[in-house]
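The shown structure was predicted, so the numbers you read here are calculated from the model rather than taken from an experiment. Counting starts at 1 for both ligands and their atoms, in listed order.
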Amino acid sequence: MGVSGSGKSTVAGDVARRAGLPMIEGDEMHPAGNIAKMSQGIPLTDADREPWLEAIAARIDVWRQAGQQGVITCSSLKRAYRDILRSGHTDVHFVYLKGSYELLLDRMQHRKGHFMPASLLRSQFDTLEEPGPDEATAVSIDQPEAAIVEDALKQLNLG
Ligand SMILES: Nc1ncnc2c1ncn2[C@@H]1O[C@H](COP(=O)(O)OP(=O)(O)OP(=O)(O)O)[C@@H](O)[C@H]1O
Ligand SMILES: O=C(O)[C@H](O)[C@@H](O)[C@H](O)[C@H](O)CO
């Protein structure tokens, strides 16, 4: 979890590979209307995000029912969103990729070919309810990718 540009896709891909787990890109589960909105620089509302979060929770439940683990990326900005993803279970572990607005803006401005404009970063931070240690383990993104991945694997007891 983390705001746009925090490295969810990058880190989740590495973590999944290292741990031998399947990985799903949460952004690919957005309804088309959500992608269209973000592409136009319009922030999503709670109502826009709800069906998307429900779809991700359902996908997690498929893994749960199969007795399998997996890695899935999702911004998960508010506690209420994380509640939807947990859906009352204690087996959903969040890794919060934490970084400053300035660092993220720089990364988003240098990223090519992504639908999310850097202009939406401010609203991502405005929406973000940072998870406390009761909800997630935070990993600083102000370090090389490999170090972030090591931290995440350790926090998840996968390393
Ligand atoms: N540790 C890092 N150091 C430097 N650049 C990084 C690091 N991690 C990711 N990046 C770069 O930052 C950008 C954002 O990363 P990425 O696309 O993985 O973020 P994201 O959270 O999945 O974004 P979004 O939610 O918007 O899809 C990419 O260009 C990526 O290459
Ligand atoms: O909750 C949200 O506003 C969205 O999930 C965004 O965070 C994007 O999907 C994603 O991060 C793309 O950049």
Suppose I only count heavy atoms of H114 and a 4.0 Å limit; which atoms of ligand 2 are within that range?
12 (C), 13 (O)

Do D48 and T45 get their side chains close enough for a donor-acceptor pair, meaning under 3.5 Å?
yes

Give the residue and atom name of whichever protein heavy atom lies nearest to atom 4 (C) of ligand 2, and the separation in Å to one decimal.
S75 OG, 3.6 Å

At under 4.0 Å between heavy atoms, is it the side chain or the backbone of S4 that contacts ligand 2, or both, or neither?
both

Would you check if the side chain of H114 reaches a backbone N or O of M116 as a donor-acceptor pair within less than 3.5 Å?
yes

Number the atoms of ligand 2 from 1 as they appear, then name those within less than 4.0 Å of a heavy atom of F115, with their elements.
12 (C)

Could you tell me, atom by atom, which parts of ligand 2 come under 4.0 Å of a heavy atom of M38?
4 (C), 6 (C), 8 (C), 9 (O)

Show the atoms of ligand 2 that are less than 4.0 angstrom away from any heavy atom in K8.
11 (O)

Exercise: identify the closest heavy-atom pair between R107 and I141
NH2-O, 3.0 Å

When you measure from the heavy atoms of Y81 to every atom of ligand 2, does any distance fall below 4.0 Å?
no

Side-chain donor or acceptor of S75 paired with backbone N/O of L77 under 3.5 Å
no

At what distance is the nearest protein heavy atom to atom 2 (C) of ligand 2, and which residue and atom is it?
R49 NE, 3.3 Å

Classify the ring geometry of H30 against W52: parallel below 30°, tilted from 30° to 60°, perpendicular beyond 60°.
parallel

Shortest non-hydrogen separation from P117 to M108 and the atoms involved:
O-CE, 3.6 Å

Answer yes or no: is there an ion pair linking K8 with D27, defined by an N-O contact shorter than 4.0 Å?
no

Within 4.0 Å of some non-hydrogen atom of H30, the atoms of ligand 2 are 4 (C), 5 (O), 9 (O)

Please determine whether the number of non-hydrogen atoms from other residues, nucleotides or ligands lying under 6.0 Å from atom CD of E150 exceeds 12.
yes

Residues Y96, L128; criterion side-chain contact (heavy atoms from CB on, under 4.5 Å); working and verdict
CA-CA 11 Å; Y96 168 39; L128 176 66; 3.4 Å; yes

Donor-acceptor pair, R86 side chain versus V92 backbone, under 3.5 Å?
no

Below 4.0 angstrom from a heavy atom of D27, which ligand 2 atoms are there? Numbered from 1 as shown, please.
8 (C), 9 (O), 10 (C), 12 (C)

Interfacing atoms of ligand 2 (cut-off 4.0 Å, heavy-atom, Q124)
2 (C), 3 (O), 6 (C), 7 (O)

Numbered in order shown, the ligand 2 atoms found under 4.0 Å of a heavy atom of W52 are 1 (O), 5 (O)

Would you say Q124's side chain and V3's backbone share a donor-acceptor pair under 3.5 angstrom?
no

Expected contact list for ligand 1 at under 4.0 angstrom, heavy-atom basis, is V3, S4, G5, S6, G7, K8, S9, T10, D27, R107, R111, H114, Q143, P144, E145, I148

Give a yes or no answer on whether the side chain of T73 reaches the backbone of G26 with a donor-acceptor pair at less than 3.5 Å.
yes

